[in-house]
A.B. asks: 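Sharing a structure below in structure tokens format, with a few things to ask.
Computed from a predicted structure; not experimentally measured.
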Amino acid sequence: MKKEELKQKICQAIEASKEQIFALGESIYKEPELGFKETKTASKVEEIFRTLGVSYEKGLALTGVKGRLKGKKSNRTVAILGELDAVTCAAHPGADPLSGAAHCCGHNVQIAILMAVGRALLETGAMEYLAGDVVLFAVPAEEYVEISYRNKLREEGKITYLGGKQELIHLGAFDDIDMALQIHLLTNTQVDSFIRLGSTSNGFIGKLVKYRGKAAHAAMAPSEGINALNAAMLGIMGVNAQRETFREEDYVRFHPIITQGGDLVNVIPEDVRMESYVRAATMEALQESNGKIDRALRAGGDAVGAEVSIQSLPGYLPMYNNQDLNQVFRGNAEVLYGQPQVIDGTHEAGSTDTGDLSHIMPTIHPWLACVSGALHSKEYIVTDVHAAYIKSAQALAMTIIDLLYGDGEAAENILHDYKPLLTKEKYVEFLNSFNQAD
């Protein structure tokens, strides 16, 4: 079968399965789970793999599931990634009433896409024409949330790093993969949905901050206490005073939350804790801004006589799309969405652990604008369901065929000229350089 005929057959199979694809996405949407806790979602993936007869590994980085489709040869391996976790947004209509988790970032769509591609490749017999394997990888904990909880998992030895792909890289789960693809949803302010290619993103450092003061009666003896909440507020104000020194091109962001602000209203707060990220567009800018922010946070404690403890944890690296791989995907996206609807991306101030992966192998992370409302907000809703689920799956499946068809020349050409930004060993060494506390 010729390559274009195979692509057409794959697209038809995905279209014919759309009701199953929608149903899976909706099922995951209704049972959102936070990172490293995605047991129900992982079970759904495992059940589909069993139904399709796909060999798989489970429990990777606690909840990850990795299925493998064998080609006529196994020269190279291309992975499609889908993220298992939700984000916390208690006000979202689809939020879990107990945990506040909600799928207002589109990860439920990613998993449905993952399964759609795998099913179509198997049902059409496409793997018989491909000189490589396809890995369907459902990965945990892309959203870097509940930092204190995850740090406790780390201290207990259950994980080493707080992000799902970080942990999987460390464990060697990507060692047998040559390149990776995934799609993420984006807010759309235009009439038609569109694809944004090649966007870069910020990296970040995770932070746990503790201010230790002295308790006293808040009304009768405030002079005998040391107010740790005031120290935290002064620390945040100190960071705000630094903002004019951050260069625009560095996209520096600091957005803390207070996770513990005191025990009782009539007791001077003595134990106040914060979580935050320090984000920036480059690792150099990240290290420079992190130093300034730490200095300001410590000054808040000094101002009132409180003790300050700052724990810096490895966050995510900036995202860099592989341009050769992007071009392969672009050709298929233009066929499906129309050439005017496939545009070059800009820098995004958010972060993803796919950025970590992009430092060690050819990776792409296109954005599909098909959502109304801001990401991670209660207004988030997928407005172009067909574009999100069906066209995305078709574009990824067609790209896999381009890469691995025949003798897999397209994949070989990309890998022949590829030089990773970091080796796995240097990557782990870099992460560990941030894993420190005062």
A.B. asks: Are Phe137 and Phe174 near enough that their ring centres are under 6.0 Å apart?
C.D. replies: yes
A.B. asks: Below 4.5 Å, heavy atoms only, C-beta onward: do Leu368 and Val109 meet side chain to side chain?
C.D. replies: no
A.B. asks: Tell me if the aromatic rings of Tyr149 and Phe36 count as close, with their centers under 6.0 Å from one another.
C.D. replies: no
A.B. asks: Got a sec, which pairs hit salt bridge (Lys or Arg N to Asp or Glu O under 4.0 Å) with one end in residues 162-171, sequence neighbours left out?
C.D. replies: Glu83-Lys165, Lys165-Asp353
A.B. asks: Please determine if Arg50 and Glu47 form a salt bridge, counting it only when a charged side-chain N lies under 4.0 Å from a carboxylate O.
C.D. replies: yes
A.B. asks: Taking ring pair (Phe, Tyr, Trp, His ring centres under 6.0 Å) as the definition, give me every residue that meets it alongside His347, ordered by chain and number, with sequence neighbours left out.
C.D. replies: Tyr251
A.B. asks: Suppose the criterion is salt bridge (Lys or Arg N to Asp or Glu O under 4.0 Å): which pairs have a residue in residues 130-150, not counting sequence neighbours?
C.D. replies: Lys37-Glu146, Arg68-Asp133, Lys70-Asp133
A.B. asks: Name each donor-acceptor pair under 3.5 Å that joins a side chain in residues 12-22 to protein atoms two or more places apart or in another chain, with its distance.
C.D. replies:
{"residue": "Glu15", "atom": "OE1", "partner": "His386", "partner atom": "NE2", "Å": "3.0"}
{"residue": "Glu15", "atom": "OE2", "partner": "His386", "partner atom": "NE2", "Å": "3.4"}
{"residue": "Ser17", "atom": "OG", "partner": "Ala13", "partner atom": "O", "Å": "3.2"}

A.B. asks: Which residue is it: Ile80, Leu122, Thr399? I am looking for the one with a side-chain contact (heavy atoms from CB on, under 4.5 Å) to Val117.
C.D. replies: Ile80
A.B. asks: Suppose we screen for side-chain contact (heavy atoms from CB on, under 4.5 Å). Which residues come up paired with Asp271, at least two apart in sequence or across chains?
C.D. replies: Lys210, Arg212, Gln260, Arg273
A.B. asks: Is Tyr144 close to Ser351 at the side-chain level, that is, under 4.5 Å between some pair of heavy atoms?
C.D. replies: no
A.B. asks: Between Lys158 and Glu156, does any NZ, NE, NH1 or NH2 come within less than 4.0 Å of an OD or OE carboxylate oxygen?
C.D. replies: yes
A.B. asks: If you take all heavy atoms of Gly345 and Arg196, which pair is closest and at what distance?
C.D. replies: CA-CG, 3.1 Å
A.B. asks: Identify, with sequence neighbours excluded, every residue that meets ring pair (Phe, Tyr, Trp, His ring centres under 6.0 Å) alongside Tyr29.
C.D. replies: none
